[in-house]
Amino acid sequence: MYTASSAILDALVEAGVEYIFANFGSDHPGLIEAIAQARAANRPCPKVITAPTEMVAMSAAHGFAQARGRAQAVLVHVDCGTQALGGAVHNAAKGRVPVLIIAGMSPATQEGEARGSRNEFIQWIQDVPDQRGLVRGYVRYENEIRVGANAKQILHRALQFAHSDPRGPVYVTAPREVLESEVPRVEIDTRHWQPVAPGGLNPDAAREIAGALSAAEHPLIVTSYAGRSPAAVNELIELAEELAVGVVESVPNYMNFPTTHPCYQGVQWNERRQNEALARADVVLVIDSDVPWIGAVSRPREDARIFHIDADPLKQQMPLWYIGASLQCQADAALALQQVRIACGEFTPDPERLQKRRQQLAKSHAAWEAGVREREQPRDALTPEYLVARLRDAIGADAIVVSESVTNFHVVSQHMQRTRPGTLFSSGGGSLGYHGGAAFGVKLAQPEALVVAMCGDGTYLFSQPSTVHWMASRYESPFLHVVFNNGGWRAPRQAVLSVHPDGLAAKSPDIDIHFPKAPDYAGIAAAAGGAHAETVRSVAELEPAIARALKAIREEKRSAVLDVHVT
Ligand SMILES: Cc1ncc(C[n+]2csc(CCOP(=O)(O)OP(=O)(O)O)c2C)c(N)n1
Ligand SMILES: [Mg+2]
């Protein structure tokens with residue numbers, strides 16, 4: 001028996017999808033049967049990862065795609081499973097990360113007209129007018145497989161969208177009878193279903209940007225996610241070195257540039273101060289960034305010339321967006337940076353000016369580093385800076401950090417000091433709970449790597465840690481999970497202070513954001529997945545606890561959770 005479900009599995013294999021993160025339901029007998037048949041016949045089939053909650057399934061696919069660049073499948077149950085994907089769909093959309101979501105629909109018949117026709121009460125209740133509408137605002141492509149005969153083509157087309165810039169999640173549905181329908185085998189030539197080839201700059205644009213950067217007194221590059229492509233990181237380094245251009249990261253969700261490089265001029269998140277490098281720059285190249293600066297706090301000088309290169313320069317998902325760029329280009333960062341560097345050959349920057357720029361960059365980089373070192377010195381109480389510094393020293397340069405650290409995002413960026421592409425990921429979105437599933441997905445994608453997830457205490461709970469740690473144990477994908485425990489939600493307090501600095505709430509000790517009688521965060525993971533669990537309350541306890549945690553991961557193949565009480 002070869003059904004549309006068998007065809008879907010074959011299409012996934014053809015497209016190189018290795019995993020199906022699955023949360024099954026009554027819409028999936030066709031798929032479950034097809035998987036069983038493929039296994040019995042020893043036919044290739046993606047590995048099924050049972051995901052007890054959908055948000056974790058989607059976040060795992062998100063992390064996997066960040067680490068490996070390819071969409072995996074997330075299989076969910078009708079409208080209910082789709083809704084339970086929750087904010088993880090927002091995160092993949094905003095982060096422009098490819099994920100293929102497949103959902104069944106309630107059967108379309110009720111009198112046994114076809115195999116799969118309604119036979120459970122819930123199928124009337126789960127029949128909704130616009131299931132695809134639940135995610136329409138967030139996906140690059142959505143469609144229903146209406147006849148099984150072209151199920152393969154629909155899946156390949158969906159994946160083409162997912163992997164073409166601006167990348168993102170895609171959503172495909174099918175009613176139960178269609179998933180059960182017998183279909184002829186379709187031959188697919190995967191060469192005909194590749195993503196749109198990455199685009200470069202037009203030659204005039206490359207020349208204009210190269211000329212401006214060459215002639216500038218203080219040229220600056222601002223980026224957030226150029227580092228999603230390791231090739232772009234290398235191009236960025238070459239351009240920065242050759243032209244003596246500074247690089248600032250703004251709200252980075254990838255490792256974009258080695259923080260130890262003299263051209264690195266620091267990173268900015270929500271800090272309420274003017275960025276000095278930005279204030280000085282007369283030419284600014286924004287490349288791959290959603291929020292290159294927050295104008296109310298920090299902005300380029302009035303006369304700065306701004307250029308913008310992006311996989312998504314129009315910011316198609318953001319109703320309000322402008323940065324005053326005199327030239328905006330849609331291009332792949334690695335290609336565009338290479339073009340700009342080659343075009344620089346036409347301009348011979350004054351060697352004295354280059355030398356001056358180099359000295360200035362090295363000087364401000366050294367000052368930045370000195371600040372980092374100073375802030376990470378041990379104090380009486382355990383600071384987030386000290387915690388990140390000790391972790392950095394213990395985990396090494398190849399470890400992959402997944403950060404959802406909220407009011408400590410900037411601390412992780414500054415003190416983790418990542419130097420290699422692909423060693424730091426954040427979601428790129430704003431829906432808390434990504435990091436746990438993502439860390440599991442990164443570990444699946446890079447089984448040899450040490451994976452370290454960092455989160456706030458609030459965010460730990462958003463991530464559904466019982467599901468995450470059961471999966472990490474079940475699929476032998478241990479990782480280190482570090483919680484910045486600051487007694488609850490600090491971010492909403494900061495938001496209140498920034499809008500009502502003299503209000504009553506600012507003076508109130510209790511604005512319902514503290515977690516008295518906090519859960520035993522590490523204990524949740526121990527109960528769900530046998531994780532090594534520790535609570536750390538002082539400077540003296542930290543280093544031995546990190547060592548024990550790493551030992552548990554390396555020698556016992558268990559995850560470890562460190563619940564660290566920080567200032
Ligand atoms: C799904 C979701 N719900 C609510 C929020 C709003 N929110 C932003 S930060 C935050 C608190 C996070 O607390 P924690 O992880 O402890 O970080 P801290 O603020 O203490 O650094 C909340 C509730 C959100 N971003 N996403
Ligand atoms: Mg907190």
Side-chain angles (χ1 to χ4, degrees), residues 53-59 62 82-95 134-135 137-138 251 253 269-272 290-291 294 317-318 375 381-388 391 401-416 426-439 452-465 467-468 481-499 505-506 509-522 524-525 535-537 561-567:
T53 56
E54 291 84 352
M55 167 97 187
V56 178
M58 184 78 191
S59 300
H62 186 154
T82 303
Q83 297 226 23
L85 290 167
V89 179
H90 158 107
N91 287 336
K94 297 295 174 174
L134 291 170
V135 294
Y138 296 90
V251 197
N253 52 328
W269 287 80
N270 264 340
E271 301 93 303
R272 311 207 69 74
D290 287 334
V291 188
I294 299 169
Q317 296 210 9
M318 297 184 199
R375 285 190 297 279
L382 219 173
T383 62
E385 290 82 356
Y386 181 76
L387 163 61
V388 177
L391 272 172
V401 177
V402 177
S403 173
E404 197 169 32
S405 308
V406 195
T407 60
N408 287 304
F409 263 130
H410 65 290
V411 178
V412 173
S413 292
Q414 287 174 7
H415 297 267
M416 265 300 171
S426 288
S427 77
S431 199
L432 294 178
Y434 140 94
H435 74 279
V452 182
M454 306 203 66
C455 64
D457 46 351
T459 300
Y460 182 78
L461 293 180
F462 277 108
S463 78
Q464 312 200 8
T467 293
V468 166
H481 202 159
V482 181
V483 183
F484 291 98
N485 186 338
N486 57 10
W489 300 337
R490 184 170 156 223
R493 176 176 287 282
Q494 288 189 344
V496 167
L497 290 175
S498 74
V499 181
D510 180 8
I511 52 170
D512 309 297
I513 58 172
H514 289 115
F515 292 2
K517 299 187 191 162
D520 172 6
Y521 297 114
I524 293 172
T535 304
V536 177
R537 291 192 174 80
V561 180
L562 296 180
D563 170 11
V564 186
H565 290 237
V566 291
T567 51

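Since the model is a prediction, treat every value here as computed from it, not as a measurement. Both ligands and their constituent atoms are indexed starting at 1 by order of listing.
The nearest N, O or S atom of Gly456 is not closer to the Mg ion (ligand 2) than 2.8 Å. Residue Thr407 does not count as close to the Mg ion (ligand 2), with no N, O or S atom under 2.8 Å.
The local environment of OH in Tyr521 is crowded, with over 12 non-hydrogen atoms from other residues, nucleotides or ligands closer than 6.0 Å. No more than 12 heavy atoms of other residues, nucleotides or ligands sit less than 6.0 Å from atom CH2 of Trp489.
Only the side chain of Asn486 comes within contact range of ligand 1, with a heavy atom under 4.0 Å; no backbone atom does. Residue Phe462 touches ligand 1 through its side chain alone, judged by heavy-atom distances below 4.0 Å.
Side-chain contact check for Thr53 and Gln464: at least one donor-acceptor pair (N or O, by modelled atom type) lies under 3.5 Å.
At least one side-chain heavy atom of Leu432 sits less than 4.5 Å from a side-chain heavy atom of Glu404. For the pair Arg375 and His415, the minimum side-chain heavy-atom distance is below 4.5 Å. Contact check for Glu54 versus Thr82: no side-chain heavy atoms found under the 4.5 Å cut-off. Contact annotation: the side chain of Asp290 never approaches that of Lys94 to less than 4.5 Å [non-hydrogen atoms, C-beta and beyond].
Protein heavy atom in closest approach to atom 15 (O) of ligand 1: Thr459 OG1, 2.6 Å. Looking from atom 21 (O) of ligand 1 to the surrounding protein, the closest heavy atom is Thr407 OG1, 2.5 Å. The protein heavy atom nearest to atom 16 (O) of ligand 1 is Asp457 OD1, 2.5 Å. From the protein, the heavy atom lying nearest to atom 17 (O) of ligand 1 is Val406 CB, 3.4 Å. In terms of protein heavy-atom proximity, atom 13 (O) of ligand 1 is closest to Trp489 CD1, 3.2 Å. Protein heavy atom at the shortest distance from atom 26 (N) of ligand 1 is Leu432 N, 3.2 Å.
Within the listing of ligand 1, atoms 24 (C), 25 (N), 26 (N) sit less than 4.0 angstrom from a heavy atom of Gly430. For ligand 1, the atoms lying closer than 4.0 Å to a non-hydrogen atom of Gly456 are 14 (P), 15 (O), 16 (O).
Counting only non-hydrogen atoms, the option in Ala495, Ser431, Gly429, Gly488 that gets closest to atom 1 (C) of ligand 1 is Ser431.
Where the criterion is an N or O separation shorter than 3.5 Å, residue side chain and backbone included, Ala491 meets it with respect to ligand 1. For Arg490, a nitrogen or oxygen atom sits less than 3.5 Å from a nitrogen or oxygen atom of ligand 1, counting backbone and side chain alike. Residue-to-ligand polar distances place Gly458 within reach of ligand 1: an N/O pair is separated by less than 3.5 Å.
Taking a distance limit of 4.0 Å, we find that atom 6 (C) of ligand 1 is approached by no protein heavy atom.
Atoms CZ and CE, from Phe484 and Met454 in turn, are 3.5 Å apart once rounded to the nearest 0.5 Å.
Of the residues Arg490, Arg493, Gln494, the one that meets the side chain to side chain donor-acceptor pair (under 3.5 Å) test with Thr407 is Arg490.
Distance alone, capped at 3.5 Å, places no donor-acceptor pair between the Asn486 side chain and the Val566 backbone. In this structure, the side chain of Asn91 engages the main chain of Ser431 through a donor-acceptor pair within 3.5 Å.
Minimum-distance N/O/S atom of Asp457 relative to the Mg ion (ligand 2): OD1.
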